Amino acid sequence: MPGYWLLKTEPSNYSYHDLTKDKKTIWDGVSNNLALKYLRNMKKGDLAFIYHTGKERILVGVAEVVSDPYPDPKQKDPKLVVVDVKAKQALPRGIALKDIKSDATFSDFLLVRLPRLSVMPVTPSQWKRLLNLAG
DNA sequence: GCCAACGTTGGC
DNA sequence: GCCAACGTTGGC
């Protein structure tokens, strides 16, 4: 069974659209310790929601993790890991942050609990419910 | 544009 | 090793 994750990105820097265009990218730039810990727990074949921060605040698509975590080749510090991700599917209907926040089911969701975390796990039941909401 | 929450830095 | 000051993130 694959693990489920959520990856945040600022769309003016790198959007889900960019990922669909690139097909595949290196998910780098993560420096927060907790976020790095989660990154290190990823494995090839896991799935991740892509969330747009900033003006959009919408869950936009699903990506597949296509590598195990490895040290960022552009960094000297081996703790700074990255993974390769590939666009899988844009969500038919994006899910706005406010809809997630107003849903009591998601009161434990880390996206709500820790607003500044950029990489986080998603439980299977959260994953399923979000997919349902997305159509 | 503001500010709360959190992380990081640096003086002690 | 503590903690005040500062910087950054991201929602509002």
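Remember, it's a predicted structure, so these values are computed and weren't measured experimentally. Per chain, numbering begins at 1; letters A, B, ... match sequence-line order.
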### Summary
Protein-proximity profile, nucleotides 1-11 of chain C, B/S/- by nucleotide at the 4.0 Å heavy-atom cutoff, equals ------BBBSS

For [X], enumerate each residue passing the side-chain contact (heavy atoms from CB on, under 4.5 Å) test, keeping only those at least two apart in sequence or located in another chain.
X: A:Ser15; result: A:Pro11, A:His17, A:Asp18, A:His52
X: A:Asp77; result: A:Lys79, A:Leu80
X: A:Pro71; result: none

#### Entry: Pairs meeting criterion ring pair (Phe, Tyr, Trp, His ring centres under 6.0 Å) with involvement of residues 93-135 of chain A, two or more places apart
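For residues 93-135 of chain A, and leaving out neighbouring residues, the ring pair (Phe, Tyr, Trp, His ring centres under 6.0 Å) pairs sorted by first residue read A:Tyr4-A:Trp127, A:Phe49-A:Trp127, A:Phe106-A:Phe109.
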
### Query
Which pairs count as salt bridge (charged side-chain N to carboxylate O under 4.0 Å, His left out) when at least one residue sits in residues 38-48 of chain A, sequence neighbours excluded?
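Residue pairs passing salt bridge (charged side-chain N to carboxylate O under 4.0 Å, His left out), neighbours aside: A:Lys43-A:Asp46.
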
